[in-house]
Amino acid sequence: MLELPVIRQTTPSFHRTHVGARRVYIETYGCQMNVNDSEIVLSILNANGYGAAELPDEADVILLNTCAVREHAEQRIWERLKQLNPARRRRPGLVIGILGCMAERLRSRLLNTGLVELIVGPDEYRKLPQLLEQAFAGDRGIAVRLSRVETYDDIEPLRTDGISAWVTIMRGCDKFCTFCIVPFTRGRERCRPLQSIVAEVERLWERGFQEVTLLGQNVNSYRDPATGADFADLLAACARAVPHMRIRYLTSHPRDMSDKLIDTMAAYANICKYIHLPVQSGSNRILALMNRGYTVEQYLERIERIRSTMPDCALSTDIIAGFCTETEEDHRATLELLRTVRYDGAYMFKYSPREGTKAWKWGDDVPEEVKIRRLNEIIALQQQISYEINQQREVGRLHEVLVEGPSKRNPEQWQGRTDTNKVVIFPRHPDVGVGSRVRTRITAATSATLFGELVEILPTPLPHRQSTATLTPSEH
Ligand code: 5AD
Ligand code: SF4
């Protein structure tokens with residue numbers, strides 16, 4: 001999964017709760033699944049009478065939903081906990097809780113710090129109301145059992161924005177990549193029923209959402225528990241149920257990236273042509289050590305199949321620099337793979353040993369300065385490639401963009417995303433708002449952002465809203 005900036009989650013519907021209700025403030029770290037999990041937590045607490053706090057200082061409960069995938073992610077949480085600690089003096093009785101992967105990994109070790117009252121792992125969120133009651137009565141609480149069945153399928157997440165929704169379709173991971181803590185913090189793989197996912201997506205469309213991202217650690221191994229329908233079947237069922245909704249998914253494992261899935265993506269216009277396909281390394285020796293289950297050649301064959309079926313499909317990946325025993329030759333093989341594939345983008349990390357994983361026992365023998373140098377070389381090369389791709393392929397091109405809101409850098413500009421998941425910035429227009437679909441012509445680009453001009457405001461395919469004006473005649 002991709003790591004996101006910290007998200008402070010509150011939701012408008014939360015404010016309808018009664019006066020005098022206890023108020024909760026939640027901060028989300030890590031991947032998109034954590035964002036959706038926080039929405040599930042908000043839903044559970046809201047149903048139990050909790051209201052929302054806009055700021056930690058106004059809250060009776062502060063929850064941090066955490067990530068444990070790298071040491072750095074955990075460091076940020078420790079710093080945040082220390083920062084929050086003085087709030088106890090201002091708000092006697094304040095309960096601070098840790099949710100998510102770090103709660104699962106560190107368990108009672110977290111309680112012993114005295115910085116938190118509550119530790120709740122990813123499969124125990126239903127217990128939160130009860131644990132909070134205990135915490136208010138002065139009892140510190142911990143619930144970290146992992147489940148083989150919990151999917152929170154019956155809980156409608158309290159979503160935080162009205163355009164794009166995360167929909168978790170499965171939880172856990174059975175792949176056991178040797179570097180990864182996720183199978184230990186999120187447990188065994190389990191899937192929601194296909195029908196309930198399709199029904200949720202339909203409800204989101206009715207409420208005005210324009211885009212859904214189906215989430216799982218490895219969505220390609222999705223199976224409907226009753227019928228055995230696979231991920232391609234689920235994707236097709238969603239695409240048919242809401243033909244004007246943009247449908248995305250995260251994350252794919254190259255080993256399970258089937259021809260059927262590629263063909264299904266190609267067959268439906270509303271399935272976005274973007275695949276995040278983590279490769280991790282360009283060295284077969286390292287891939288075997290990582291237990292990834294494919295060789296570079298097999299991976300490249302999948303890329304070929306994707307590109308021959310969907311020439312315009314954007315691709316991104318994850319790379320780990322400095323995995324244990326990685327040599328200069330292995331590193332050069334990774335650089336070579338980046339040159340061969342020419343990804344649109346990549347998420348690049350230094351290897352971070354995680355206690356309890358298989359690779360932990362093999363040590364961390366690549367010196368820090370070597371890891372940093374290799375990571376910097378990988379980043380520099382990928383930035384150059386992304387820049388070239390954007391200059392050569394994107395400038396001059398027309399893109400349909402779903403508008404997400406004002407640009408973060410310059411509120412005078414709108415920001416949206418292409419079908420291929422690229423960010424486009426373009427000047428504001430009075431008839432364009434959040435959720436509008438527009439056609440833009442790309443006029444300039446950096447390695448990470450496209451800049452465009454508005455060509456046409458497209459009809460907004462909402463159940464209730466009607467089409468809007470055309471600026472200039474459509475070029476298609
Ligand atoms: N060290 C560095 N990166 C890691 N990832 C997972 N575990 C580790 C680790 N121990 C990266 C992988 C994965 C992404 C979500 O995080 O690249 O695809
Ligand atoms: Fe971790 Fe590998 Fe599972 Fe991804 S597929 S969550 S990297 S174990």
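Each ligand, and each atom within it, is numbered from 1 in the order the structure gives. If you're wondering where the values come from, they're calculated on a predicted model, not measured in any experiment.
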Considering only heavy atoms of F349, which atoms of ligand 1 have at least one such atom less than 4.0 Å away?
3 (N), 11 (C), 14 (C), 16 (O), 17 (O)

Would you check if there is a donor-acceptor pair between the side chains of S316 and H276 at a distance under 3.5 Å?
yes

Any N or O of I320 that comes nearer than 3.5 Å to an N or O of ligand 1?
no

Ranking S352, C180, A321, G322 by closest non-hydrogen atom to atom 1 (N) of ligand 1, top hit is S352

Under 3.5 Å between any N/O of R70 and any N/O of ligand 1: does that happen in this structure?
yes

How does F179 reach ligand 2, if at all, at less than 4.0 Å between non-hydrogen atoms: by side chain, backbone, both, or neither?
side chain

Between R192 and D153, is the closest basic N to carboxylate O distance under 4.0 Å?
yes

When you look for heavy atoms under 4.0 Å from ligand 1, do you find them on the side chain of Q280, its backbone, both, or neither?
side chain

Taking only Lys NZ, Arg NE, NH1 and NH2, and the carboxylate oxygens of Asp or Glu, determine whether E326 and R374 approach each other closer than 4.0 Å.
yes

Using only heavy-atom distances, determine whether the side chains of R285 and T325 contain a donor-acceptor pair under 3.5 Å.
yes

How does P278 reach ligand 2, by side chain, by backbone, by both or by neither, if only non-hydrogen atoms under 4.0 Å count?
neither

Quick one: does ligand 2 sit under 4.0 Å from the side chain of V182, the backbone, both or neither, non-hydrogen atoms only?
side chain

With a cut-off of 4.0 Å, which atoms of ligand 2 are near a heavy atom of P183?
8 (S)

Taken to the nearest 0.5 Å, the spacing of E301 CD from Y294 OH works out to 14.0 Å

State the atoms of ligand 1, each with its element, that fall below the 4.0 Å cut-off from a heavy-atom position in V69.
6 (C), 7 (N), 8 (C), 9 (C), 10 (N)

For atom 3 (Fe) of ligand 2, state which one of G172, C173, C31 supplies the nearest heavy atom.
C173

Check the side chains of T327 and D330 for a donor-acceptor pair under 3.5 angstrom, ignoring hydrogens and angles.
yes

Pick from M290, Q217, R255: the one approaching atom 4 (Fe) of ligand 2 most closely through a non-hydrogen atom:
Q217

Return yes if a side-chain donor-acceptor contact under 3.5 Å exists between E200 and S196, otherwise no.
no

With rounding to the nearest 0.5 angstrom, report the CG to CH2 distance, D37 to W166.
13.0 Å

Under 2.8 Å from atom 3 (Fe) of ligand 2, can any N, O or S atom of H253 be found?
no

Within the structure, does D318 bring an N/O atom to less than 3.5 angstrom of an N/O atom in ligand 1?
yes

Just jot down the ligand 2 atoms closer than 4.0 angstrom to any heavy atom of K175, in number order.
3 (Fe), 5 (S)

Pairing of R307 and D312 as salt bridge, 4.0 angstrom limit
no

Tell me whether C180 has at least one N, O or S atom under 2.8 Å from atom 1 (Fe) of ligand 2.
yes

Say whether R292 and ligand 2 are in contact under the criterion: heavy-atom distance to a ligand atom below 4.0 Å.
yes

In terms of atom number and element, which parts of ligand 2 are under 4.0 angstrom from non-hydrogen atoms of F176?
8 (S)

Going by the 4.0 angstrom heavy-atom rule, the piece of F179 near ligand 1 is both

Salt bridge check: are E368 and K350 linked by an N-O gap of less than 4.0 Å?
yes

Between the side chains of E150 and Y152, does any donor sit under 3.5 Å from an acceptor?
no

Closer than 4.0 Å to some heavy atom of K350 - which atoms of ligand 1 meet that?
1 (N), 2 (C)

Does the side chain of Q32 pick up a donor-acceptor pair with the side chain of T213 at under 3.5 Å?
no

